[in-house]
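Structure, as structure tokens:
Heads up: numbering here begins at 1 and tracks the sequence. This is a predicted model, so every value here is computed, not measured.
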Amino acid sequence: MLICTNIGITRKNLNNYEVEYLCDYRIEKGVEKFFVKWKGWPESCNTWEPTRNLKCPTLLKQFYSDLYNYFCALKPNKKGFLKNSIKSLDPSLSDYIVKKAKQRIALRRWEEELNRKKTHSGTLFVENTVDLEGPPMDFYYINDYKASPGVNTLGEAIVGCDCSDCFKGKCCPTEAGVLFAYNEHRQIKIPPGRPIYECNSRCKCGPDCPNRVVQKGPPYSLCIFRTDNGRGWGVKTLQKIKKNSFVMEYVGEVITSEEAERRGQQYDSRGITYLFDLDYEADEFTVDAARYGNVSHFVNHSCDPNLQVFNVFIDNLDVRLPRIALFSTRNIKAGEELTFDYQMKGSGDLSTDSIDMSPAKKRVRIACKCGAATCRGYLN
């Protein structure tokens, strides 16, 4: 029997083809059969195949898992379904199975794209076991600030240190009149609100200098996952993170405060917030991670967060343009969600935007879903 006579796939060479996903299921004369989408071939070439013809144990496991989850969602109090009790699938169920399969493929491709684009050592994973949401359609992964027209973020350090041992020498923080930020384990030791001055491209110390932490990028493998309580995407760590460790930077498009005010009105009306004011000493610029950003774009807010914001200066010493680094406030277990307080400023204080409701600042209030005992009720 021919599988797809118009393009020459025959039953004899079936083993030469790869199953892309399984679309449907039925029992025919006591034999289990699956409707197969073949990788690299149009859907018009889909065929019904008995289980013995399928060499795809992972896809079969995913198919049954999707069936189980579908039935559990319909009847939460039931323990699932008996596979042998199903003779064929309702069209709505087979439609769900196909959508779930296509979503899984899209998320896997997005995961591969993220890992091609990121420059840090940790691996990024993507997971959605909650709904049919796929990759965001209007998000572009970047590793550093993206300057908007009229903004220059590429400052170059004029001088650097001559230290052979930056712990003991007159290093960059000392020259800047601030405290050395790290201990011998590269953990933050200064309180929130104090700036971090790392060694820069002019410094004579090597890449293993203990004052080069943020510039090396996130060291942890992280997972972008779909939350099950209506908070959209979130980020969890796949590795244990010790207290006071650098976790990630908050990057995005650097825009003027005036442009931020305009975009903020739009974002508030959509119930989203990605604006981070760079207000270490001035309030001229804002980071907008809505369209351009890294993994921090997906980190959710919490009124009781496990990440803390710090201002960082490396090559660009313009106090109007600090880099924003997120450090752990406590030991974080593998599998735990990462969060920071969206109202936390680099100064260590809370933003007063949620209090100042003058006409220039008046915004739509966005309800907080963090669930913390200390929840303030709103994101802004």
Pairing residues for [X] by the side-chain hydrogen bond (donor to acceptor under 3.5 Å, both in side chains) criterion, not counting sequence neighbours:
| X | result |
| --- | --- |
| T286 | D277 |
| K189 | none |
| R330 | E336 |

Here the side chain to side chain donor-acceptor pair (under 3.5 Å) pairs for residues 204-217, sequence neighbours left out, are E198-Q215, R212-Q215

Short N-O contact, K236 and E337, less than 4.0 angstrom | no

Considering non-hydrogen atoms only, spot the tightest contact between [X] and [Y] and give its length.
| X | Y | value |
| --- | --- | --- |
| P191 | F310 | O-CE2, 3.5 Å |
| L238 | C223 | CD2-CB, 3.9 Å |
| C172 | C203 | SG-SG, 3.3 Å |

With sequence neighbours left out, write down each residue that passes side-chain contact (heavy atoms from CB on, under 4.5 Å) with [X], or none if nothing qualifies.
| X | value |
| --- | --- |
| F167 | D165, F180, E184, P210 |
| K243 | N331 |
| S88 | R26 |
| N229 | T227, R231 |

Give a yes or no on whether V299 and F225 share a hydrophobic cluster (residues Ile, Leu, Val, Met, Phe, Trp, Tyr; joining criterion: side-chain heavy atoms under 4.5 Å apart).
-> no

Hydrophobic side-chain clustering at under 4.5 Å (ILVMFWY, transitive links): who's grouped with V159? Put none if nobody.
-> I158

Give the other cluster members for I105, using side-chain heavy-atom distances under 4.5 Å between Ile, Leu, Val, Met, Phe, Trp and Tyr residues; answer none if it is isolated.
-> Y21, V98

Reported OH-to-OH distance for the pair Y96 and Y70, which is rounded to 0.5 angstrom | 9.0 Å

Assess K146 against Y292: is NZ or CZ under 6.0 Å from the centre of the six-membered ring, and within 45 degrees of the ring's axis?
-> yes

So salt bridge (charged side-chain N to carboxylate O under 4.0 Å, His left out) across residues 286-298, not counting sequence neighbours, yields D138-R291, R263-D288

With sequence neighbours left out, the residues meeting ring pair (Phe, Tyr, Trp, His ring centres under 6.0 Å) with Y220 are none

For F298 and Y274, run ring-ring contact (aromatic ring centres under 6.0 Å, His included): C-alpha distance rounded to whole Å, both residues' side-chain angles, the deciding distance at 0.1 Å, then the answer.
-> CA-CA 10 Å; F298 303 98; Y274 293 104; 8.2 Å; no

